[in-house]
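Atoms considered below: every heavy atom in the structure, side chains included; atoms not considered: hydrogens, waters and symmetry mates.
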Amino acid sequence: MREEQLRELIATRVQRPAAIAEAAARRTRPASLLGEHGRLMMIAADHPARGALRAGENALAMADRADLLDRLVLALSRPGVNGVLGTPDVLEDLLLLGALDGKVVVGSMNRGGLAGTVFEMDDRFTGYDAAAIAAAGFEGGKMLTRIDPADPTTVATLEACGHAVSDLAAHGLMAMVEPFISHRVDGRVRNELTAEAMIRAQTVAAGLGRTSAHTWLKVPIVEEMERAMTATTLPALILGGEVGQDQDAAFAGWAKALTLPTVQGLVIGRSLLYPPGDDVAAAVDAAVGLL
């Protein structure tokens, strides 16, 4: 990002905060949740609001906001990328930069379970709510839904997610639910990435809210993916997970999952924004090629 562009962005926030709502109002909305390839290809950038800044070996990879915005704008400009997931601060920067025209925009809703804290499992809703997403003219809201059998705060998260699913559906908006069975291991929260755990997590997530008509699931790659994805008829999107050095293996897993009937696309963040070799455009293009 050029220095003058960054200064202009900051000046707009200081002097004309109403410009954000104006940019949202004039944004060209997509005709469909699916792109020309018939799938949804989204870039995820809601990690910083949960204090999760690491990508690969760099613990503060996502800490430079100008660099992150450069990577996001580049990724969103690539053919076949038709959506973005983010928190208000990130999406509003992208609105001011004019990068969201024609894109499916999904606002991240619960970022209260900060990474590495004793209250990490308490995923309170600290970001968007359904009314704000509708007012901005966005297409949906996303919620993290971690289920820890040993943590009593899980039930509060489930209740809040149920209300959010219902509220989004009342506006006719997508509810993107990201479910996991999670446990604390040596003081750290770990998601259980097995077919059995994902089956259980998906069945719980699918039943949240007054209707599932607008609910989509955001799920990881697990062993026996075919068996795991028989748990529900809801449309699903594959998430990217941590940045790994074996990108070919990650792409192979995504490609295999995309053959399953409920899988409708990809929601990838750090794996494409901070890929091995740091060639964002090439990584994004390769992921789009899987569709």
Side-chain angles (χ1 to χ4, degrees), residues 23-46 72-88 90-92 94-95 97-109 128-143 164-178 202 205-206 208-219 229 232-240 254-255 257-269 272-273 284-291:
R26 65 173 177 266
R27 179 180 75 97
T28 302
R29 297 189 64 176
S32 167
L33 293 177
L34 305 179
E36 293 181 356
H37 39 52
R39 303 290 187 118
L40 179 52
M41 177 68 205
M42 302 194 76
I43 304 297
D46 61 342
L72 282 168
V73 170
L74 175 58
L76 290 170
S77 74
R78 304 306 298 173
V81 176
N82 64 307
V84 63
L85 162 65
T87 47
V90 173
L91 294 184
E92 288 166 359
L94 293 172
L95 275 172
L97 293 170
L100 299 185
D101 279 343
K103 304 300 182 186
V104 174
V105 181
V106 173
S108 192
M109 304 176 78
Y128 282 111
D129 58 20
I133 291 168
F138 296 156
E139 283 65 49
K142 173 255 182 178
M143 62 208 77
V165 168
S166 297
D167 292 344
L168 288 164
H171 289 284
L173 300 173
M174 172 202 282
M176 184 186 294
V177 184
E178 182 179 7
Q202 287 182 91
L208 293 173
R210 293 191 295 268
T211 177
S212 64
H214 297 276
T215 303
W216 290 47
L217 302 178
K218 179 173 180 268
V219 301
M229 297 311 294
T232 175
T233 58
L234 296 187
L237 301 166
I238 300 301
L239 62 87
W254 300 344
L258 284 165
T259 66
L260 302 175
T262 58
V263 176
Q264 301 300 308
L266 304 172
V267 185
I268 313 295
L272 297 184
L273 293 173
V284 172
D285 291 349
V288 171
L290 301 177
L291 305 180

Tell me which pairs pass salt bridge (charged side-chain N to carboxylate O under 4.0 Å, His left out) where either residue lies in residues 128-139, with sequence neighbours left out. Arg27-Glu139, Arg29-Glu139
If we only count heavy atoms from C-beta on, is the Lys218 to Leu85 side-chain gap below 4.5 Å? yes
If I compare all heavy atoms of Tyr128 with all of Thr87, which pair ends up nearest, and what's the gap? CE1-C, 3.9 Å
So do the side chains of Lys142 and Met42 get within less than 4.5 Å of each other, counting heavy atoms only? no
Please report the closest heavy-atom contact between Val104 and Ser32, naming both atoms and the distance. CG2-O, 3.7 Å
Criterion side chain to side chain contact (heavy atoms under 4.5 Å, CB included) on Val73 and Leu94, from CA distance to verdict: CA-CA 8 Å; Val73 170; Leu94 293 172; 4.0 Å; yes
Output yes when a side-chain donor or acceptor of Lys103 lies under 3.5 Å from a complementary backbone atom of Leu76, and no otherwise. yes
With Asp101, which residues qualify under side-chain hydrogen bond (donor to acceptor under 3.5 Å, both in side chains), at least two apart? none
Roughly how far, to the nearest 0.5 Å, is CE of Met109 from CD1 of Ile133? 4.5 Å
Sequence-distant partners of Ala175, side-chain contact (heavy atoms from CB on, under 4.5 Å), two or more places apart: Met143, Val165, Leu168, Thr215
If every non-hydrogen atom of Ala24 is compared with every non-hydrogen atom of Ala136, which pair is closest and at what distance? CB-O, 3.6 Å
By side-chain contact (heavy atoms from CB on, under 4.5 Å), Thr211 pairs with (sequence neighbours left out) Ala169, Ala213
Rounded to the nearest 0.5 Å, what's the gap from CD1 on Ile268 to CG on Leu239? Could you check? 7.0 Å
Value rounded to 0.5 Å, distance of CG in Leu74 from CG in Leu272: 11.0 Å
Partners passing side-chain hydrogen bond (donor to acceptor under 3.5 Å, both in side chains) against Arg39 (at least two apart in sequence or in another chain): none
Arg210: which residues meet the side-chain hydrogen bond (donor to acceptor under 3.5 Å, both in side chains) condition with it, sequence neighbours left out? none
Begin with the C-alpha distance, continue with both residues' side-chain angles, and end with the deciding distance and a verdict on side chain to side chain contact (heavy atoms under 4.5 Å, CB included) for Val219 and Ile238. CA-CA 5 Å; Val219 301; Ile238 300 301; 3.8 Å; yes
Distance-only check: which donor-acceptor pairs under 3.5 Å involve side-chain atoms of residues 284-291, not counting sequence neighbours?
{"unit_1": "Asp285", "atom_1": "OD1", "unit_2": "Arg78", "atom_2": "NE", "d": "3.0"}
{"unit_1": "Asp285", "atom_1": "OD2", "unit_2": "Arg78", "atom_2": "NE", "d": "3.4"}
{"unit_1": "Asp285", "atom_1": "OD2", "unit_2": "Arg78", "atom_2": "NH2", "d": "2.6"}

Closest heavy-atom contact between Thr262 and Leu234? CB-O, 3.6 Å
Hey, mind stepping through Leu72 and Leu273 against side chain to side chain contact (heavy atoms under 4.5 Å, CB included) and telling me if it holds? CA-CA 7 Å; Leu72 282 168; Leu273 293 173; 3.9 Å; yes
For Gly102 versus Pro30, what's the shortest heavy-atom pair and its separation? O-CB, 3.5 Å
Expected output: side-chain Asn82 to main-chain Met41 donor-acceptor under 3.5 Å: yes
Contact check, side chains of Leu33 and Gln264, non-hydrogen atoms, under 4.5 Å: no
Identify, with sequence neighbours excluded, every residue that meets side-chain hydrogen bond (donor to acceptor under 3.5 Å, both in side chains) alongside Thr232. none
